[in-house]
Chemist: 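Shown below is the structure under consideration.
Throughout, protein chains are lettered first and strands after them, A, B, ... in sequence-line order, and every chain is numbered starting at 1.
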Amino acid sequence: MARALVQVQEMAFTPGEELDAFIRAGRADEGAVVSFTGLVRDMALNDGLKALTLEHYPGMTERQLIAIADEALTRFGLHRCLVLHRYGRMSLREPIVFVATSAAHRGSAFEAACFLMDWLKTKAPFWKLEETAEGERWVDARAEDDAAAARWVS
Amino acid sequence: MARALVQVQEMAFTPGEELDAFIRAGRADEGAVVSFTGLVRDMALNDGLKALTLEHYPGMTERQLIAIADEALTRFGLHRCLVLHRYGRMSLREPIVFVATSAAHRGSAFEAACFLMDWLKTKAPFWKLEETAEGERWVDARAEDDAAAARWVS
Amino acid sequence: MKVRYFAWLRQRTGCTGEEVDPPEGVRNVADLMAYLGGRHPRFAEACAASGVVRCAVNQEHVGPEHPLAPTDEVAFFPPVTGG
Amino acid sequence: MKVRYFAWLRQRTGCTGEEVDPPEGVRNVADLMAYLGGRHPRFAEACAASGVVRCAVNQEHVGPEHPLAPTDEVAFFPPVTGG
């Protein structure tokens, strides 16, 4: 397995299967594996979200994810990392994104997973279109996401 | 599913199956799931670790884990959390501990998983006995683990 | 020069992309935005609101001062909302 | 009073636990450690090294000043190394 693995796909995936495959590919000196799963969620429960469509910029997405994954490897001394991101139409509760990191100790695995998610949220060219009972709407960027990403810039 | 789930068992488990079951049990307003898997690792690769035996204090372990899991729920505004910890004899690369947290946003899910692991490492009554080619040795506590736990005390 | 639009900027311009041959005065991203605004009034509206239109040249995020060459691929999009 | 030993303290004392009936002067954890050290010389050695022997009373971590009652369950163990 390559040290940094990036995949952008329309097909649905199962987080547990990805996690097990990621763990199986590891070496004997890996003690810590952290995973993050992002799910399609109903922001306010009574909002009536029916589905989400994720548009992306093919080509740029893959380039950005590879650059970010490589930076995470060196910056946090990771053994390996995986970034799996979907695009297209998804239903409520479906996984959108899966990130896994492995390291000798838990500190770097946790930090790297946080770092990768903060960058994915603010730099990767994905746009969310929500379908609700009232129609379609594009999701606005969250100011908190920008603040979260800013803390990694030294 | 109870909001905080704690399990201490001798039996081996599969992290991916635990993650999928945890995700399936969630509500529509959960956007973020973080997991941590701790594996039996060979500290120095040339050390020749053959197996690890984890001794624990039955009764106290469960009490401590429940208290810690409940604290994580309220402190970080989690939706749910799971702590699964093994005891007994395990081989290299087998999972020892699995923690999963879910929340509306990723920040609290990440922080809570870090918090739970820092406490597990420093407060939960588990002791590691390593079997190597040279014989058995008890693992010493790591000063970094105490420092990691200390940062949560306000 | 190849221009691409994403998300609601794509809906406002009514196209996913277009080949444009801007006049000589169009030297950087800000110039191109003004030029394209003349063709797409609703794109001009979006550009007038600060911080709403982002740009990538050859698939790298850039600012409004970034210089342009005729062979560049230029993309306009709102702030990203991935993950 | 029920006393339990874990990890290498269990190996040093040679027992997982014992029922003890300490004399009246044994009022807190530090007193009990001194008393038990008289029965188990290798436990006394471990207690002499600072920070190596930890204690829980009724399954809660406590310090050496913690008072003891005859019905308490007292456990001694090295620093934990879980997870």
Chemist: Select one option (side chain, backbone, both, neither) describing which atoms of A:Ala100 are under 4.5 Å from chain B's heavy atoms.
Modeler: neither
Chemist: Among B:Ser35, B:Ala104, B:Pro15, which has the most heavy-atom pairs under 4.5 Å with chain A?
Modeler: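 Counting heavy-atom pairs under 4.5 Å, the top option is B:Ser35.
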Chemist: Which residue out of B:Val99, B:Val33, B:Leu19, B:Ile23 racks up the most heavy-atom pairs below 4.5 Å with chain A?
Modeler: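 Most heavy-atom pairs within the cutoff with chain A belong to B:Val33.
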Chemist: Does a side-chain heavy-atom distance below 4.5 Å link A:Thr37 with B:Phe22?
Modeler: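 Contact flag for A:Thr37/B:Phe22 side chains = no.
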Chemist: Taking A:Arg41 for the side chain and B:His105 for the main chain, is one N or O donor matched with an acceptor at less than 3.5 Å?
Modeler: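 Answer holds: no.
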Chemist: Looking at chain B, which one of A:Pro95, A:Gly16, A:Ser102, A:Gly107 has the largest number of heavy-atom pairs inside 4.5 Å, strictly under?
Modeler: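 Of the candidates given, the most pairs with chain B belong to A:Gly16.
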Chemist: What option among A:Ala32, A:Gly38, A:Cys114, A:Ala148 has the most heavy-atom pairs under 4.5 Å with chain B?
Modeler: A:Cys114
Chemist: With a 4.5 angstrom heavy-atom cut-off, which part of A:Ala109 approaches chain B: side chain, backbone, both or neither?
Modeler: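 Interface part for A:Ala109: neither.
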Chemist: Please flag which part of A:Leu39 lies under 4.5 Å from any non-hydrogen atom of chain B: side chain, backbone, both or neither.
Modeler: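 The answer is both parts of A:Leu39.
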Chemist: Can you say whether A:Arg106 sits under 4.5 Å from chain B via the side chain, the backbone, both, or neither, judging by heavy atoms?
Modeler: both
Chemist: So which residue, A:Asp118, A:Ile96, A:Leu92, A:Thr14, ends up with the most heavy-atom pairs under 4.5 Å with chain B?
Modeler: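 Result: the option with the highest number of such pairs is A:Asp118.
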